[in-house]
Number of protein chains: 2
Amino acid sequence: MSGPAGTPAIDGARLLGRIRRLGTVGALPGGGVCRLALGDADRAGRDLLVRWMEELGLAVSVDAIGNIWGIRAGREDGPPVMLGSHIDSVATGGLYDGALGVLAGLEVCAALDDAGRVTRRPLAVAAFTNEEGARFAPDMMGSGVHQGALDLEEMLAVVGIDGAVLGAELDRIGYRGAVPVRSLTPAAFLELHVEQGPVLEREGLRIGAVTGVQGISWTEFTLHGQSNHAGTTPMAMRRDAGCAAARIALEARAIADDLGPPQVATVGVTELSPGLVNVVPERAKLTVDLRNTDDAVLKAAEARLMAAAEAHAAAEGCRLESRRLARFAPVEFDAALVARVEAAAAARGLPARRMPSGAGHDAQMFAPNCPTAMIFVPSAGGISHNIAEHTGADDLVAGAGVLLDVALELLEAAE
Amino acid sequence: MSGPAGTPAIDGARLLGRIRRLGTVGALPGGGVCRLALGDADRAGRDLLVRWMEELGLAVSVDAIGNIWGIRAGREDGPPVMLGSHIDSVATGGLYDGALGVLAGLEVCAALDDAGRVTRRPLAVAAFTNEEGARFAPDMMGSGVHQGALDLEEMLAVVGIDGAVLGAELDRIGYRGAVPVRSLTPAAFLELHVEQGPVLEREGLRIGAVTGVQGISWTEFTLHGQSNHAGTTPMAMRRDAGCAAARIALEARAIADDLGPPQVATVGVTELSPGLVNVVPERAKLTVDLRNTDDAVLKAAEARLMAAAEAHAAAEGCRLESRRLARFAPVEFDAALVARVEAAAAARGLPARRMPSGAGHDAQMFAPNCPTAMIFVPSAGGISHNIAEHTGADDLVAGAGVLLDVALELLEAAE
């Protein structure tokens, strides 16, 4: 889709080429990528991104939590319009989750260059550290620190699932930058992302104008019982930490079933110790991920889960420890900006709808501080955090086009 | 308790000294031992045992699965009376589980030496490889191969929880012996062991005359679902392998509760993959350990578990794989020998009862092939497979005394 001379247009081949190239970094057999935050593959992806930014003439900055952004100068100084997302992934991630938003931002810069356009405001393209939270909790960490929702020193001390300390990993891969955090609040923030859910595809739509992000609550439970012989210990005398953990896991499922959509609940981690066939587990650890767009309902789900965890632990004679790993309240995006996204999709003849985001995104960290919105494109089968994640090339390019159009309005807008 | 000259008597201090000394091999902080089968600590324990056997003048043999026995010659040739158990442990084991039966056997030899007694039949003291099954499944492996219930080649190829191959570990620690398996069937087999359960202590008894061993069934279930995003995947669209695993684990508990004692059920292992807070688990593995003294009831429990596993997997849209890790039918010991144990306890004024064993033991492998029985001594609090495992010194010595008395009868008995 190339426009008349002087009119910036997305070069689909160039955008898809960069997405495929970044997808070779941390590539998994059978497809998908593993670029866990601050691992070697994440470093290689960061190096590639920085090289592309420099090739586009952007002024590259790295801050103290490892966020990377490149700024394209405008006719006037002042805060830039920021287009950003992340390039880290879960252990079994896809090619588009996060990468699309960052690389589409680069494509917007390239399209402006092709058209010889210098915009009124500066344009910044950003990639934020550890959005996934798969190796280090909490998620949205880089954008959270960047916008002041999370404390830098606390985050640098976080220990990962592999025992690594976040600050030490930043040093190891060479991405603990000199720029202080909280040093930049953009004039506006836009994030293009795959939906990671089934709604757009199921309804035959191309674009989602994201109205906000559902609240997220992560809790880790540890149950302490008594290890004992699996053959000689009567059931009535057992204090089986694994049994209590299983009851809590199914309570989480029941909470989601009882509350109904959009409430979801997930137990992603369950670990028993000593973990032997013929030994009653002494200790069990599990995590529960609860999400809802309505904070009052989310709080009710949290309360029911905690009460049930205490009851199941007590019934099994186990001691319960609980730890809050992450908690984000639901977020509302800027109504005017959401309307601009809808209008841009309509102008391009792309069927669209307003929808909340089921996943957490870096954009939610900017929403309290500047006009913020997101653009979704469909995810085939709703599959995400899976090497089978896929979005059609036409949808990727269409989303980048909407991003370009809305960004241009913001870049030229008067104060 | 030293007897008149010429009458063999247990030297309690000597027996307890050997138990404490072996307890320093693989000792854990806070007490207990970790001597997982064929690990470095197991090798060190074997080396110590062989040294003690040689110091007692026993003729030491090691067979092709690593079983160790030492023979004390008798006035006549022919099959020996065997006293044996094991010296391997679970990862968090106690000082007496297994070690007592082996070291009490050595003490019987020493007591006979002290009394200058040469018995009619030879006496063999044995330690069998991998009784616990904590590192390599199935348990009772060495005695099972020794008595022909398990195939040598299959067992040598077993892969442990740490990925090690059993045969290679036997070579590594230098205990793949030259003696063919199945080469020795004793005239009778006796095993002194801690109860590992609460019954004797609760009833104020000192000795258990073990009538048999309950049947044991180990099954490993693997569920294959679909990994997906924890925030954007509606509950109705999930195929959560962890959720199905939790339902199967609680079904195992319900089976034991519904059938009532002596049925027990234990889920000692539960593993989720990829095991991340915000990813719906794609794969889950769990093990179920079912035991009962009545094989018909045990079979019913197995059938109900399998049907429930298939139903829960199907309801969650998961594919179910199941693997039988171990299966032993209930075993009945020799009625005449059980009566001898009861009589020996009575003659020593030790309150005793007949009882089944809740745990599997090496003795059950001998029961089909020669007169076999076991002697139990109390376990404090019924605690077992735990570093807090404990049996009072008086009970340990009393059990060894009963072992000596019954062994002497068998050693002098005419054909």
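In what follows, every chain begins at residue 1, and chains take the letters A, B, ... in the order their sequences are listed. Any value given below was found using the heavy atoms of this structure, including those in side chains, with hydrogens, waters and symmetry copies removed.
- Residue I161(B) touches chain A through its side chain alone, counting heavy-atom pairs closer than 4.5 Å.
- Taking A284(B), A265(B), A256(B) one by one and counting their heavy-atom pairs under 4.5 Å with chain A, the maximum is reached by A265(B).
- No side-chain heavy atom of H385(B) sits less than 4.5 Å from a side-chain heavy atom of N228(A).
- Top candidate by heavy-atom pairs under 4.5 Å with chain A, chosen from R247(B), E282(B), R135(B), is R247(B).
- Residues I383(A) and Q226(B) have side chains in contact (heavy-atom distance under 4.5 Å, counting atoms from C-beta outward).
- For the pair E195(B)/T232(A), no side-chain contact is recorded, criterion being any heavy-atom separation below 4.5 Å from C-beta on.
- Only the side chain of Q214(B) comes within less than 4.5 Å of a heavy atom of chain A; its backbone N, CA, C and O stay farther away.
- Proximity of V269(B) to L272(A): side-chain heavy atoms (C-beta onward) are nowhere separated by under 4.5 Å.
- The candidate from A252(B), G382(B), G268(B) with the greatest count of non-hydrogen atom pairs under 4.5 Å with chain A is G268(B).
- When each of V267(B), D97(B), V279(B), D139(B) is checked for heavy-atom pairs under 4.5 Å with chain A, V279(B) comes out on top.
- Using a 4.5 Å cut-off between heavy atoms, L286(B) does not touch chain A at all.
- The candidate with the highest count of non-hydrogen atom pairs below 4.5 Å against chain A, out of A388(B), G133(B), P274(B), G197(B), is G197(B).
- When all heavy atoms are compared, the tightest approach of A246(B) to A249(A) is CB-CB, 4.4 Å.
- Proximity to chain B involves both the backbone and the side chain of E132(A), based on heavy atoms less than 4.5 angstrom apart.
- In this structure, S227(B) and T92(A) approach most closely via the heavy-atom pair OG-OG1, 4.3 Å.
- Only the side chain of L325(A) comes within less than 4.5 Å of a heavy atom of chain B; its backbone N, CA, C and O stay farther away.
- Under the 3.5 Å distance criterion, the side-chain polar atoms of D289(B) are left unmatched by any main-chain donor or acceptor of N278(A).
- When A359(A), G231(A), G358(A) are compared by the number of non-hydrogen pairs under 4.5 Å with chain B, G231(A) comes out ahead.
- Looking at H229(B) and T266(A), their side chains never come closer than 4.5 Å, going by heavy atoms from C-beta outward.
- In this structure, L250(B) and C243(A) have side chains that are in contact, with non-hydrogen atoms separated by less than 4.5 Å.
- M235(B) is not listed as a side-chain neighbour of L259(A), based on a closest heavy-atom distance of 4.5 Å or more.
- Under the salt bridge (charged side-chain N to carboxylate O under 4.0 Å, His left out) criterion, E316(A) pairs with R253(B), sequence neighbours left out.
- By number of non-hydrogen pairs under 4.5 angstrom with chain B, the leading residue of L290(A), N386(A), V288(A), V277(A) is V277(A).
- Counting only heavy atoms from C-beta outward, the side chains of P198(A) and M237(B) approach each other to under 4.5 Å.
- The salt bridge (charged side-chain N to carboxylate O under 4.0 Å, His left out) contacts involving residues 214-241 of chain B comprise E220(B)-K285(B), E220(B)-R323(B), where partners must be two or more places apart or lie in separate chains.
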